[in-house]
Amino acid sequence: MDSLIFFSMGSGSSGNCYYIGTCDWGILIDAGIPVRAIKRGLRQHGLGFNNIWGVIVTHDHTDHIKSVGVLGEILHLPVYVTREMYNGINHNYRVTEKLNSAQFYKKGEHFQIKDFDIQSFPVSHDASDSVGFTISYKNKRFVIATDLGFIGKEAAEHISRANFLVIEANYDETMLKNGPYPYPLKERVRSHLGHMCNDQTAQFVAANANAELSHIFLCHLSNENNTPQIAYETVHKALTEKGIEVKLLLPLPRTAITDIFTLE
């Protein structure tokens, strides 16, 4: 079967890792969870590392790169990064294995992994380098935009063309304001180099969704400053007010392996 499928193995500050592909082959987006957890998630859906054609990396924070060195150096999977990410990965003391070899891409340029045409775009976040991706397959566009403080012009262009969208809804404004974070961390989270709140995500998607957007996955929800129900209700309300209906609107769990979602 060559239908496009997607599932999450982790989404949040505890670790991020997603699979996008078919039932026979695919790629990983980020690898911020232990290798054994990735193996378990793949096996749960009838896959293994032999089905993985590459790992694409959004930025070099630990919760997105913890296992990229092992995947690249020990399991010999191609790891796709920018040169700035590569340097950041190898200066991160929490990475379990240094990444000695990598496949380099430049922001904005297209590159191929098997049947995927992949284009990265810049996002605003306080890492060495940060990108989102549009992954095109059979005239459909899967877009992921995680860990961004705001949606800039280039990111907006990509997100607005998505058929299937994974987008950050990190925090609820009221929960962050009244929550346990110290003031400097609260300011970092809500800054242009931090994270997107539910309202930002809701208003942008509601104002810019194209007629062929069918699936929205809300990613990287904060454990302390958000809940899946609040994130869902905020985005759903904004979409409803604009008369927008999608097949699926789903907050992704922080640590659980999700079911397979067939994207069509």
Taking the side chain from [X] and the backbone from [Y], do they hold a donor-acceptor pair closer than 3.5 Å?
X: N226; Y: S222; value: no
X: N51; Y: G48; value: yes
X: N170; Y: H220; value: yes
X: E73; Y: S101; value: yes
X: K186; Y: K177; value: yes
X: D63; Y: G32; value: no
X: K107; Y: T82; value: no
X: S124; Y: F150; value: no
X: E168; Y: H195; value: no
X: D30; Y: T58; value: yes

Are a donor atom and an acceptor atom from the side chains of [X] and [Y] found within less than 3.5 Å of each other?
X: S128; Y: Y86; answer: no
X: R254; Y: S14; answer: yes
X: S13; Y: N223; answer: no

Is there a side-chain contact between [X] and [Y], using heavy atoms and a 4.5 Å cut-off?
X: L263; Y: I20; value: yes
X: S11; Y: L221; value: no
X: Q119; Y: H158; value: yes
X: V81; Y: V68; value: no
X: Y105; Y: I118; value: no
X: E173; Y: R190; value: yes
X: S8; Y: F261; value: no
X: I167; Y: L218; value: yes

So does [X] have more than 12 non-hydrogen atoms from other groups sitting under 6.0 Å from [atom1]?
X: E84; atom1: CD; answer: yes
X: E212; atom1: CD; answer: no
X: E245; atom1: CD; answer: no

Start with the C-alpha distance between V205 and L239, add both sets of side-chain angles, then the distance that settles side-chain contact (heavy atoms from CB on, under 4.5 Å), and finish with yes or no.
CA-CA 8 Å; V205 175; L239 294 175; 4.0 Å; yes
What class does the angle between the rings of F217 and F6 fall in, given that below 30° is parallel, 30 to 60° is tilted and above 60° is perpendicular?
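Tilted, since the angle between the ring planes falls between 30° and 60°.
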Once you measure the plane-to-plane angle for H59 and H61, does it fall in the parallel (<30°), tilted (30-60°) or perpendicular (>60°) bin?
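Rings of H59 and H61: perpendicular, as their planes differ by over 60°.
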[atom1]/[X] to [atom2]/[Y] distance, rounded to the nearest 0.5 angstrom?
X: L47; Y: I260; atom1: CG; atom2: CD1; answer: 6.5 Å
X: Q203; Y: K242; atom1: CD; atom2: NZ; answer: 8.0 Å
X: D199; Y: D172; atom1: CG; atom2: CG; answer: 7.0 Å
X: Y181; Y: N225; atom1: OH; atom2: CG; answer: 5.0 Å
X: L77; Y: W53; atom1: CG; atom2: CH2; answer: 12.0 Å
X: L249; Y: I244; atom1: CG; atom2: CD1; answer: 11.5 Å

Quick one, I65 with L99, criterion side-chain contact (heavy atoms from CB on, under 4.5 Å). Give me CA distance, side-chain angles, the key distance, then yes/no.
CA-CA 10 Å; I65 61 166; L99 186 64; over 6 Å; no
Would F7 and H45 count as a close aromatic pair, with their ring centres under 6.0 Å?
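Yes; H45 has its ring centre under 6.0 Å from that of F7.
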Please determine which of F116, F133, F111 meets the ring pair (Phe, Tyr, Trp, His ring centres under 6.0 Å) test together with Y80.
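Testing Y80 for a ring pair (Phe, Tyr, Trp, His ring centres under 6.0 Å) against F116, F133, F111 leaves exactly one candidate, F111.
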Heavy atoms only: give me the nearest [X]-[Y] pair and the separation to one decimal.
X: S160; Y: N210; answer: O-ND2, 3.0 Å
X: G88; Y: D60; answer: CA-OD2, 3.0 Å
X: A169; Y: T201; answer: CA-OG1, 4.0 Å

Quickly, which of I29, I113, D117, V143 forms a side chain to side chain contact (heavy atoms under 4.5 Å, CB included) with I135? Name it, please.
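Looking at I29, I113, D117, V143, the match for I135 under the side chain to side chain contact (heavy atoms under 4.5 Å, CB included) is I29.
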I need the single residue from H192, M196, H125 that forms a side chain to side chain contact (heavy atoms under 4.5 Å, CB included) with L148. Which is it?
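Only one of H192, M196, H125 forms a side chain to side chain contact (heavy atoms under 4.5 Å, CB included) with L148, namely M196.
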Do the charged groups of E233 and K237 touch, with an N to O distance under 4.0 Å?
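The answer is no: the pair does not qualify as a salt bridge.
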Go through the steps to decide whether L28 and I52 satisfy the test side-chain contact (heavy atoms from CB on, under 4.5 Å), and finish with yes or no.
CA-CA 7 Å; L28 300 179; I52 304 300; 4.0 Å; yes
Stepwise, does the side-chain contact (heavy atoms from CB on, under 4.5 Å) test hold for D2 with K138?
CA-CA 10 Å; D2 59 0; K138 295 190 174 182; 2.3 Å; yes
